[in-house]
Amino acid sequence: MANITKKHLRKNKMKINFLGILFLGVICLLPNNGVAQSKDSDSTLIRPIVSIPVKKHEAPRHFIGASGGYSINNMSSSVYEDLRSTGNWVNYGVIYKYYNPKWVGLQTGINYTERGYQRDSTSKRIYQTLELPFVSQFHVEVWKFRIMANAGLFVAYSLSAEDTYLYPPEEEGKKEKYTFQSTDNRFDYGLRFGAGLGLMLYPVEVQFEFNYALGLGYVHEPLIPNQTTIYNRLSQMIFSVGVLIAL
C-alpha cells in the first residue's frame, strides 16, 4: 500500500513538473509580444505628448508695394525723321506680385508714366499714360537675393498730352496742351520684358528692375481714309526701384 502511494505521488509530481515546464515555456513566449505591445501602446500614448508639431516657415508668396524710376522714351516711325529719345522721372505705381515656391511668378498693378518722343531739335511730345502690366516673373533665390526675368504684356491709355517747344530760343521751354484728333489712338498695347534683382529682408523686399516696353498699337492713323497706315510706335526703357511688403 505504501509503495502504491509513493508511485502515485511520483506520477503526480512528474505531471506537475511537466505542466510547470510547459507553463514556463508559454510564459517565455508571451512576454515578447506583451513587451512589444506595451512598447507600441506606450509609444502611442507618449507620442502625442512628446512630439510637438513645429510649423515650418514658408517663403512668402504674395507681395504688394510701390515702385518708381526713370524712363527713356522714343517713337519709331515710317514717316517722321530725326526722332530722338527723351527721358523723365515720372514713372511710379502700385504693384502686386505672386511667387510660386518653385520658379514661376506673376506681376500686375497700375502705373502712371509719361511716354513720348522728341522731334529733331524743335519740340517734344509727352503722353501722360495709365498702364496695366500683366507679366510672368520667373525667379531664382540665392541666399538673400532674388534673380528675376520678366516677360508679358501691357495695355495703356493716354490721359492727356503736352508739347514742349525747344526752338526758336524765344519759345524754348514753352508748353502747350495737345488736343487729341480723331486720327489719334489713345489706347495702346504691347510687349514688356526685362530682368531684375531683389534683396529679401523679410517681410520687406527691395527690387531693382530694368524693363523694355514696346507698344504695338499705332499712335496716329492716316489722315486720309484708306491711306497706308503710318508706322509709329512708342517704346520705353524703364529703370525702377520697388519696395514690397509680404502679405
Side-chain angles (χ1 to χ4, degrees), residues 66-95 107 109-135 150-196 207-225 227-242:
S67 66
Y70 182 81
S71 68
I72 299 174
N73 310 276
N74 207 338
M75 183 175 75
S76 54
S77 174
S78 59
V79 176
Y80 301 124
E81 297 180 356
D82 197 16
L83 292 176
R84 303 177 185 179
S85 61
T86 178
N88 65 72
W89 288 95
V90 183
N91 292 278
Y92 45 83
V94 177
I95 52 178
Q107 175 182 340
I110 183 167
N111 300 327
Y112 178 79
T113 182
E114 289 189 347
R115 306 189 301 167
Y117 58 92
Q118 179 176 327
R119 189 173 181 182
D120 52 56
S121 58
T122 59
S123 65
K124 65 178 180 180
R125 177 170 294 172
I126 299 297
Y127 296 89
Q128 288 77 33
T129 306
L130 280 181
E131 182 185 84
L132 297 174
F134 301 94
V135 178
N150 308 329
L153 307 172
F154 74 89
V155 293
Y157 179 77
S158 296
L159 300 172
S160 60
E162 186 179 66
D163 290 327
T164 302
Y165 295 99
L166 306 175
Y167 188 85
E170 59 271 15
E171 292 189 0
E172 183 177 357
K174 179 183 176 181
K175 295 183 179 182
E176 186 177 275
K177 184 178 179 180
Y178 174 74
T179 302
F180 286 99
Q181 306 298 318
S182 59
T183 54
D184 291 322
N185 288 325
R186 301 177 73 168
F187 282 99
D188 195 11
Y189 63 94
L191 303 175
R192 185 183 179 102
F193 49 90
Q207 296 185 346
F208 305 88
E209 291 191 49
F210 166 77
N211 286 282
Y212 179 74
L214 174 63
L216 298 180
Y218 292 132
V219 180
H220 309 290
E221 293 293 343
L223 298 175
I224 303 173
Q227 181 185 359
T228 302
T229 301
I230 299 173
Y231 176 88
N232 43 58
R233 292 170 176 166
L234 295 173
S235 61
Q236 265 189 324
M237 291 188 292
I238 309 160
F239 304 87
S240 63
V241 179

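In what follows, every heavy atom counts, from backbone to side chain, and hydrogens, waters and symmetry copies are set aside.
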Quiz item: Would you say the side-chain atoms of N185 pair up with the backbone N or O of G217, donor to acceptor, closer than 3.5 Å?
Solution: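 A pair under 3.5 Å: no.
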Quiz item: Between D120 and D82, is there a donor-acceptor pair closer than 3.5 Å when you use the side chain of the first and the backbone of the second?
Solution: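 No: the side chain of D120 does not pair with the backbone of D82.
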When you compare the side chain of [Y] with that of [X], does any pair of heavy atoms fall below 4.5 Å?
{"X": "S121", "Y": "L166", "answer": "no"}
{"X": "F154", "Y": "N111", "answer": "no"}
{"X": "S158", "Y": "T129", "answer": "yes"}
{"X": "I110", "Y": "L132", "answer": "yes"}
{"X": "Y189", "Y": "L153", "answer": "no"}
{"X": "Y117", "Y": "L234", "answer": "yes"}

[atom1]/[X] to [atom2]/[Y] distance, rounded to the nearest 0.5 angstrom?
{"X": "N73", "Y": "R115", "atom1": "CG", "atom2": "CZ", "value": "8.5 Å"}
{"X": "Q181", "Y": "H220", "atom1": "CD", "atom2": "NE2", "value": "10.0 Å"}
{"X": "S67", "Y": "N211", "atom1": "OG", "atom2": "CG", "value": "9.5 Å"}
{"X": "F210", "Y": "I238", "atom1": "CZ", "atom2": "CD1", "value": "8.5 Å"}
{"X": "I72", "Y": "F239", "atom1": "CD1", "atom2": "CZ", "value": "5.0 Å"}
{"X": "S71", "Y": "M237", "atom1": "OG", "atom2": "CE", "value": "9.5 Å"}

Quiz prompt | Chi angles and distances behind the side-chain contact (heavy atoms from CB on, under 4.5 Å) call for R233, Y218 | solution = CA-CA 5 Å; R233 292 170 176 166; Y218 292 132; 3.9 Å; yes
Quiz item: If we ignore angles and hydrogens, is there a donor and acceptor under 3.5 Å between the side chains of N91 and T113?
Solution: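 Side-chain D/A pair, N91 to T113: present.
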Quiz item: Will you find, in the side chains of N150 and Q107, an N or O donor that is under 3.5 Å from an N or O acceptor?
Solution: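 The answer is no; no qualifying pair exists.
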Self-check item: Nearest non-hydrogen partners of Y70 and N88, listed with the distance
Solution: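 Result for this residue pair: CD1-O, 3.3 Å.
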Exercise. Could you tell me which non-hydrogen atom of S235 sits nearest to which non-hydrogen atom of Y212, and how far apart they are?
Key: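 Closest pair (atom of S235, atom of Y212, distance): CB-OH, 3.6 Å.
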Practice problem: Just do the side-chain contact (heavy atoms from CB on, under 4.5 Å) check on V155 and F187 with the steps written out, would you? | Solution: CA-CA 8 Å; V155 293; F187 282 99; over 6 Å; no
Self-check item: Pairing of D184 and R186 as salt bridge, 4.0 angstrom limit
Solution: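 Answer for the salt bridge query: no.
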Quiz item: Under a 4.0 Å N-O cut-off, is there an ion pair linking E131 with R192?
Solution: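 A salt bridge is present here (some side-chain N lies under 4.0 Å from a carboxylate O).
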Quiz prompt | Candidate pair S160 and Q128, rule side-chain hydrogen bond (donor to acceptor under 3.5 Å, both in side chains), full reasoning | solution = CA-CA 5 Å; S160 60; Q128 288 77 33; 2.8 Å; yes
Quiz item: So does F180 have more than 12 non-hydrogen atoms from other groups sitting under 6.0 Å from CZ?
Solution: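 For F180, atom CZ is crowded (more than 12 foreign heavy atoms under 6.0 Å).
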